[in-house]
Amino acid sequence: MAANPIKTIVLVLTGAPRADRVVPPSGHTATLTTLTAAAMAFLAVFALALSLATGRLADRWAGALAETATVRIAAPADQMAAQTQKVLDVLGTTPGVTSARALGGDEIKALLEPWLGPDLPVDALPLPQLVEVTEAADGFDAQGLQLRLKAEAPGATLDDHMRWRRPLIASAERIRFLGLLSLALIGGASAAMITLATQAALAANGQVVRTLRLIGARDSYIARAFVRRFTLRTLLGALAGTLAGMAAVALLPPAADEGGFLTGLGFAGLQWAWPLGIPAVAAAVAFLSTRAAAFRSLRSVR
Amino acid sequence: MIEFHDVSLGYAGKELLSGVTLKLAPGSFHFLTGPSGAGKTSLIKLCYGDLAASAGRIELFGEDLANMARDDIARLRRRIGIVHQDCQFLDHLPLDENVALPMRVAGLETDEQALYELLAWVGLSGRATALPPSLSGGERQRAALARAVINSPDIILADEPTGNIDWDMSLRLLRLLTELNRMGKTVLMATHDLNLIRAAKSQVSARVLRIQGGTVQLAGADL
C-alpha cells in the first residue's frame, strides 16, 4: 500500500472496484456491518449533541453569572443608609466594576415573592440591603474588594456567585466529558466490531486467500479487497445512521426556558456541520481496523 | 531456476525430506515420482515457498527463499505456474475470470483475445462463463493449467495434475505440458503414474526424480 494514509484511503475507496470481486459476496457479515455502523453513528450523533449542548450550557452559565455580583448589607436600620452609600462609594472606585446600584424595596420584594408570597411586608422586616454589581469583562479582584468593603462597611458581604457557578459549570463540564467519552467508546466498539467481522470474513474465505497467495497476490492486494468492502459498508451505514440521528435531533422540541436543559439538547447554527464528520471518522476507523486485522490474519498464510 | 542445497524438511516430529540436493535447469522437464506420502507435494511446496525448509538452502531464480519478505515471495510466484491435484479456484468467479486472475493480481491488463486463445488451447473455449463447481475433473485440471501459464511463467510446477482424471485426459494434459516445455518453460511434474512417464518418452526429453526414504535420487537413465 502507498505510504501516505490519505492517498491509501482514497485509493481504496475510489480505485479498482473489481479488486474486491476476488472476495465472495458475504451478505450476512456485510449487512451486519452496515447495520451496526448505522446504529453506532445514530448513537454518536446523540453523544455529540449532548457534548455540544452541555458545552453551550456551561458557557451560558459561566457567562451569565460571571458578569454580575451582589453585595449584601446587614446593618442596624439607622446605619443602613450610611453603609449602603459607603459600599456604593467603594464600588465606584473599584477597577472592573462598571456599575453598582442599590435595589429598591419593590425589587427586593419581587425577588422574595416566589418564596414568601405577594403580601410580604417588606418595610416591617429587617431585610438586608442588596446592591447589584455589574462587572467588566475582565472582572474584579473579589478578595481585595471584600477586604475593602469590610473595612468601610462592616455589615457588607460580597457574593460573586462563585459558589453557585462552580458546581453548575463542573456538572456541565462533566456531562460534556461523558458525552465525549461516549463518542470514544462508540468509536472503540465500532473498531472492535469491524475487526471481528473482518477476521470472520478472512477465516470464512481461507481458501480464497490461499489461492490468491498461490498465484502471487501480495498481502496488500488481498487486504485491499476486504478493506474496501468493510470501509464502504461502514461509510454507507454510518451515513444513514448519521442522517437518521440528525433528523431525530431536529425533531426534538425547541429550546425553551420552561423545559430546562432537556429541550436544549441538539445543535445550534454551524454545529449542525459537526455530525457530518461522523461517517468520515467511522470510515477511517473501519479502514484502519480492517487493514490491521487483515494483515494480522494474512501472516498465518504463507 | 530452482536449486536445493542439502535441504531437509521436518513434519510432526519426523524428517520427511533429508539432505535433498537438486537443480532444475532452465528449459528442463523433470518428473517427480515416489509412493504416496513420500513427500512429493512437500517438495513442490518447498519450491514456491509454501513450506519452509527446516535445514539447508533453497534458491529460486537465484534468491534464497529463507530470507525473502512476503511480498518478494509473491513477486517470485508470479514467475511460477502452479497446478495442484485439487485445483484451487475462486468458486464465485466464472472460469475466464479465474484463469485471468494471475494477471489481475499482478496489476496487468488482460488481453481478452489472448485469454480466449488460451482457453481454446486447453479446450475450454465453450466453458468460459461456467463457474468452477460445474466443471468436470479434467476441465478443472486444464483450467488450472491455463491459469498457471497465463502470465507466461518461467517454471511450471504440477502436483499430480492427472490424479483425478482419466487416461485420455491425462495424455492430453501431458501434451500441453510438453508443448510448454518446448516453448522453453521449465517443468516439474509430480506423479505416481509410471505409465504416464513412459508415455512421455516420445514427446519430451525428461528426467525422473524419485523420492524414497526422504531422499531424492535420479531414477536411472533419462527416458
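Per chain, numbering begins at 1; letters A, B, ... match sequence-line order.
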*asked:* Does Val22(A) form a side chain to side chain contact (heavy atoms under 4.5 Å, CB included) with Arg104(B)? I'd like the steps, not just the answer.
replied: CA-CA 10 Å; Val22(A) 298; Arg104(B) 195 196 286 185; 3.6 Å; yes
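- In this structure, Ala217(A) and Ala74(B) approach most closely via the heavy-atom pair O-CB, 3.7 Å.
- Contact annotation for Ala148(B): neither backbone nor side-chain heavy atoms come within less than 4.5 Å of a heavy atom of chain A.
- In this structure, no portion of Leu76(B) lies under 4.5 Å from any heavy atom of chain A.
- Here Leu90(B) is the residue among Leu93(B), Ile82(B), Leu90(B), Ile80(B) with the most heavy-atom pairs under 4.5 Å with chain A.
- Within 6.0 Å of atom CZ in Arg182(B), more than 12 heavy atoms from other residues, nucleotides or ligands are found, so the atom counts as buried in its surroundings.
- Side-chain contact check for Arg147(B) versus Thr211(A): some heavy-atom pair is nearer than 4.5 Å.
- Proximity of Arg78(B) to Ile215(A): side-chain heavy atoms (C-beta onward) are nowhere separated by under 4.5 Å.
- Side chains of Asp91(B) and Gln207(A) form no contact here, defined as non-hydrogen atoms less than 4.5 Å apart.
- Note: Ala52(B) leads Ala106(B), Ala52(B), Gly81(B) in heavy-atom pairs under 4.5 Å with chain A.
- The number of heavy atoms from other shown groups lying within 6.0 Å of NE2 (His5(B)) is above 12.
- Between the side chain of Arg21(A) and the main chain of His92(B), no donor-acceptor pair closer than 3.5 Å is present.
- A salt bridge is absent between Arg302(A) and Asp50(B); no separation between the charged side-chain nitrogens and carboxylate oxygens falls under 4.0 Å.
- With a 4.5 angstrom heavy-atom cutoff, Ile73(B) touches chain A only via side-chain atoms.
- In Leu251(A), the CG atom is crowded: over 12 heavy atoms of neighbouring residues, nucleotides or ligands sit closer than 6.0 Å.
- The contact between Leu212(A) and chain B is made entirely by side chain atoms (from C-beta outward), counting heavy-atom distances below 4.5 Å.
- The shortest side-chain heavy-atom distance between Arg77(B) and Arg218(A) does not fall under the 4.5 Å cut-off.
- More than 12 heavy atoms of other residues, nucleotides or ligands lie within 6.0 Å of CH2 in Trp121(B), so this atom counts as buried by the packing criterion.
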